[in-house]
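Notes follow once the structure below has been shown.
For the numbers below, each heavy atom of this structure counts, side chains included, while hydrogens, waters and symmetry mates do not. Counting begins at 1 with the first residue of the sequence.
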Amino acid sequence: MTGSDEDPRVAELRTAVSRLRRELAAHPADFPDRIIAEDELAGLAAMAAHGIPETPRLHRSLLLIAGAIGSVSALARGLSDVRSAVELFGEPGRG
(Lines give C-alpha, C1' and ligand atoms only; values in the text may rest on other atoms or scores of the structure.)
Protein backbone atom coordinates (compact mmCIF):
# COMPACT_ATOMS: atom_id res chain seq x y z
CA MET A 1 0.00 0.00 0.00
CA THR A 2 1.30 3.42 -0.90
CA GLY A 3 -0.48 5.29 1.87
CA SER A 4 -2.39 7.41 -0.63
CA ASP A 5 -6.10 8.08 -0.55
CA GLU A 6 -6.64 6.30 -3.87
CA ASP A 7 -9.90 4.41 -4.18
CA PRO A 8 -9.02 0.68 -4.24
CA ARG A 9 -11.58 0.14 -7.02
CA VAL A 10 -9.67 2.57 -9.23
CA ALA A 11 -6.40 0.80 -8.47
CA GLU A 12 -7.98 -2.55 -9.35
CA LEU A 13 -9.37 -1.14 -12.60
CA ARG A 14 -6.03 0.40 -13.54
CA THR A 15 -4.22 -2.90 -12.88
CA ALA A 16 -6.72 -5.00 -14.84
CA VAL A 17 -6.77 -2.60 -17.79
CA SER A 18 -2.99 -2.40 -17.89
CA ARG A 19 -2.69 -6.20 -17.87
CA LEU A 20 -5.23 -6.64 -20.67
CA ARG A 21 -3.55 -3.91 -22.74
CA ARG A 22 -0.23 -5.75 -22.45
CA GLU A 23 -1.85 -9.08 -23.33
CA LEU A 24 -3.59 -7.55 -26.33
CA ALA A 25 -0.37 -5.90 -27.54
CA ALA A 26 1.46 -9.23 -27.29
CA HIS A 27 -1.30 -11.22 -29.00
CA PRO A 28 -0.01 -12.14 -32.46
CA ALA A 29 -3.30 -12.60 -34.28
CA ASP A 30 -4.99 -9.70 -35.94
CA PHE A 31 -8.77 -9.51 -35.74
CA PRO A 32 -11.27 -7.05 -37.20
CA ASP A 33 -12.15 -5.13 -34.02
CA ARG A 34 -8.69 -4.98 -32.44
CA ILE A 35 -8.50 -1.18 -32.86
CA ILE A 36 -11.82 -0.79 -31.03
CA ALA A 37 -10.51 -2.84 -28.10
CA GLU A 38 -7.25 -0.89 -28.02
CA ASP A 39 -9.06 2.46 -28.11
CA GLU A 40 -11.53 1.53 -25.39
CA LEU A 41 -8.79 0.14 -23.15
CA ALA A 42 -6.88 3.40 -23.61
CA GLY A 43 -10.04 5.27 -22.64
CA LEU A 44 -10.48 3.14 -19.52
CA ALA A 45 -6.86 3.74 -18.57
CA ALA A 46 -7.36 7.49 -18.95
CA MET A 47 -10.54 7.42 -16.85
CA ALA A 48 -8.78 5.45 -14.11
CA ALA A 49 -5.89 7.91 -14.13
CA HIS A 50 -8.20 10.84 -13.37
CA GLY A 51 -10.09 9.67 -10.31
CA ILE A 52 -13.32 7.74 -10.02
CA PRO A 53 -14.75 7.05 -13.49
CA GLU A 54 -18.40 7.43 -14.41
CA THR A 55 -20.11 4.06 -14.08
CA PRO A 56 -22.16 4.29 -17.31
CA ARG A 57 -19.00 5.05 -19.30
CA LEU A 58 -17.21 2.11 -17.68
CA HIS A 59 -20.00 -0.25 -18.65
CA ARG A 60 -20.18 1.12 -22.19
CA SER A 61 -16.44 0.61 -22.65
CA LEU A 62 -16.63 -2.87 -21.17
CA LEU A 63 -19.37 -3.84 -23.63
CA LEU A 64 -17.36 -2.54 -26.57
CA ILE A 65 -14.21 -4.34 -25.41
CA ALA A 66 -16.09 -7.58 -24.81
CA GLY A 67 -17.68 -7.35 -28.24
CA ALA A 68 -14.32 -6.65 -29.85
CA ILE A 69 -12.25 -9.39 -28.19
CA GLY A 70 -14.84 -11.69 -26.67
CA SER A 71 -14.11 -14.53 -29.07
CA VAL A 72 -10.32 -14.40 -28.58
CA SER A 73 -9.89 -17.13 -25.98
CA ALA A 74 -6.30 -16.17 -25.18
CA LEU A 75 -7.59 -12.84 -23.83
CA ALA A 76 -10.52 -14.27 -21.86
CA ARG A 77 -8.90 -14.10 -18.44
CA GLY A 78 -7.74 -10.50 -18.91
CA LEU A 79 -11.20 -9.53 -20.11
CA SER A 80 -12.74 -11.24 -17.09
CA ASP A 81 -10.43 -9.30 -14.78
CA VAL A 82 -11.47 -6.00 -16.40
CA ARG A 83 -15.13 -6.98 -16.09
CA SER A 84 -14.65 -7.78 -12.39
CA ALA A 85 -12.93 -4.44 -11.84
CA VAL A 86 -15.75 -2.56 -13.61
CA GLU A 87 -18.33 -4.41 -11.52
CA LEU A 88 -16.71 -3.01 -8.36
CA PHE A 89 -18.26 0.33 -9.33
CA GLY A 90 -21.77 -1.13 -9.37
CA GLU A 91 -24.53 -0.76 -11.88
CA PRO A 92 -24.72 2.33 -14.04
CA GLY A 93 -27.17 4.92 -12.75
CA ARG A 94 -30.25 5.91 -14.65
CA GLY A 95 -30.77 9.32 -16.04
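A heavy-atom distance below 4.5 Å is not found between the side chains of L58 and E54. No side-chain heavy atom of E12 sits under 4.5 Å from any side-chain heavy atom of S84. For the pair L88/L13, no side-chain contact is recorded, criterion being any heavy-atom separation below 4.5 Å from C-beta on.
The CZ atom of F89 sits 9.5 Å away from atom NE2 of H59, with the distance rounded to the nearest 0.5 Å. The distance from atom CG of L75 to atom CD1 of I69, rounded to the nearest 0.5 Å, is 5.0 Å. Atom CG of L62 and atom CG of L41 lie 9.5 Å apart (nearest 0.5 Å). Put simply, CG on L79 and CG on L20 are 6.5 Å apart, with the number rounded to the nearest 0.5 Å.
A donor and an acceptor atom, one from each side chain of T15 and R19, are nowhere located under 3.5 Å apart.
The residues E40 and R60 are annotated as salt-bridged, a charged nitrogen and a carboxylate oxygen being separated by less than 4.0 angstrom. The pair R34-E38 meets the salt-bridge criterion, since a charged nitrogen lies less than 4.0 angstrom from a carboxylate oxygen.
Formation of a donor-acceptor pair under 3.5 Å by the S80 side chain with backbone atoms of A76 is not found in this model. With R9 contributing its side chain and E87 its backbone, the two residues share no donor-acceptor pair below 3.5 Å.
Taking each heavy atom of G51 and V10 in turn, the nearest pair found is O-CG2, 3.7 Å. Contact detail for G90 and T55: the closest heavy-atom pair is O-CG2, 3.3 Å. Considering every non-hydrogen atom in both G78 and E23, the closest pair reads CA-OE1, 3.6 Å.
When each of L44, V86, D39 is paired with I65, the side chain to side chain contact (heavy atoms under 4.5 Å, CB included) condition holds for L44 and for no other.
If you chain together hydrophobic residues whose side chains sit under 4.5 Å apart, V72 and I36 never meet in one group. Under the 4.5 Å side-chain heavy-atom criterion for ILVMFWY residues, a single connected hydrophobic cluster contains both I52 and V17.
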